[in-house]
Amino acid sequence: MSDDEPTIFERIVDGDLPGHVIYEDETTAAFLDANPIRRGHTLVVPKEPHQRLRETPQGLVQDVFGTVRTVAPWIEEAVGADGLNIGVNDGPAAGQEVHHLHVHIVPRHEGDGGGPTIGGPRERHSDEEFAETAADIRAAGDGD
Ligand code: DGP
């Protein structure tokens, strides 16, 4: 990226901004979305910032989707979801607001009325609710 300012997501990964991190490895991290579509809405990011999927090295994209594969079942189990929307808003024209590649994982329940895309109304959660959700997800992953 040409911009030297760290992105919001780099600052969360670096611990400079608060975030409810549910998973971290050498190259990727997963934390709760601050404006969740549903409880458990999680973002998976590469630690190294790249805006677009096409700008991100192949190996790093594989790492990111490997992390999606790791945490998706934890999230589903933690919130008792029936399924997940998993997607990327790739570029501003596609609704990308934070210019650091991120994969949304949005829990879905049968008949919850949501659409098939990553967008729509957001819920408001207290910090305690976020902390509880993150703990539930981490606990769901404990056996892995
Ligand atoms: P997108 O439109 O795909 O760029 O989605 C960006 C998401 O990032 C959006 O769902 C809200 C979330 N978000 C924005 N700022 C913050 C933040 O400071 N912390 C966290 N955890 N999530 C954020």
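Any value given below was found using the heavy atoms of this structure, including those in side chains, with hydrogens, waters and symmetry copies removed. We count ligands from 1, going down the list as the structure has it; atoms in each ligand are counted the same way.
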Q. Which residues pass the side chain to side chain contact (heavy atoms under 4.5 Å, CB included) test with Glu77, sequence neighbours left out?
A.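 Glu77 satisfies side chain to side chain contact (heavy atoms under 4.5 Å, CB included) with Ala140 once adjacent residues are dropped.
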Q. What do we get for Phe9 next to ligand 1 when only non-hydrogen atoms under 4.0 Å count, side chain, backbone, both or neither?
A.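 It is the side chain that touches ligand 1; the backbone stays farther off.
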Q: Taking the side chain as every heavy atom from C-beta outward, state whether His100 and Pro46 have any pair of such atoms under 4.5 Å apart.
A: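 His100 reaches Pro46 side chain to side chain.
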Q) Is any side-chain heavy atom of Leu43 less than 4.5 Å from a side-chain heavy atom of His104? A)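 Result yes, sub-4.5 Å side-chain heavy-atom pair found.
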Closer than 4.0 Å to some heavy atom of [X] - which atoms of ligand 1 meet that?
| X | value |
| --- | --- |
| Ile12 | 19 (N), 20 (C), 21 (N) |
| Asn89 | 1 (P), 2 (O), 3 (O) |
| Glu97 | 1 (P), 2 (O), 4 (O) |
| Arg122 | 9 (C), 10 (O) |
| Gln96 | 4 (O) |

Q. Step by step, would you call Thr56 with His50 a side-chain hydrogen bond (donor to acceptor under 3.5 Å, both in side chains)?
A. CA-CA 6 Å; Thr56 308; His50 300 275; 4.8 Å; no
May I ask whether [X] has any heavy atom positioned less than 4.0 angstrom from an atom of ligand 1?
| X | answer |
| --- | --- |
| Leu43 | yes |
| His20 | no |
| His102 | yes |
| Gly95 | yes |

**Q.** Selection from Ile8, Leu32, Val21, Leu17 by shortest heavy-atom distance to atom 21 (N) of ligand 1
**A.**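 Nearest heavy atom to atom 21 (N) of ligand 1 lies in Leu32.
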Q: Tell me which one of Val45, Asn35, Asp33 gets a heavy atom nearest to atom 9 (C) of ligand 1.
A: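 Nearest option to atom 9 (C) of ligand 1, by heavy atoms: Asp33.
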Q | Side-chain donor-acceptor pair present, Asn35, His41, cut-off under 3.5 Å | A |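 The criterion, which ignores hydrogens and geometry beyond distance, is not satisfied for His41 and Asn35.
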Pair up each side-chain donor or acceptor in residues 60-70 with any protein partner under 3.5 Å, not counting sequence neighbours, and list the distances.
from  : atom 1 : to    : atom 2 : distance (Å)
Asp63 : OD2    : Thr27 : OG1    : 2.9
Thr67 : OG1    : Thr28 : OG1    : 2.6
Thr67 : OG1    : Asp63 : O      : 3.3
Thr70 : OG1    : Gly66 : O      : 3.1

Q: Sort out for me which residue in Asp112, Asp136, Asp33 forms a salt bridge (Lys or Arg N to Asp or Glu O under 4.0 Å) with Arg39.
A: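 Result for salt bridge (Lys or Arg N to Asp or Glu O under 4.0 Å) with Arg39: Asp136.
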Q. To the nearest 0.5 Å, how far apart are CD in Glu10 and NZ in Lys47?
A.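 Nearest 0.5 Å value for the CD-NZ distance: 12.0 Å.
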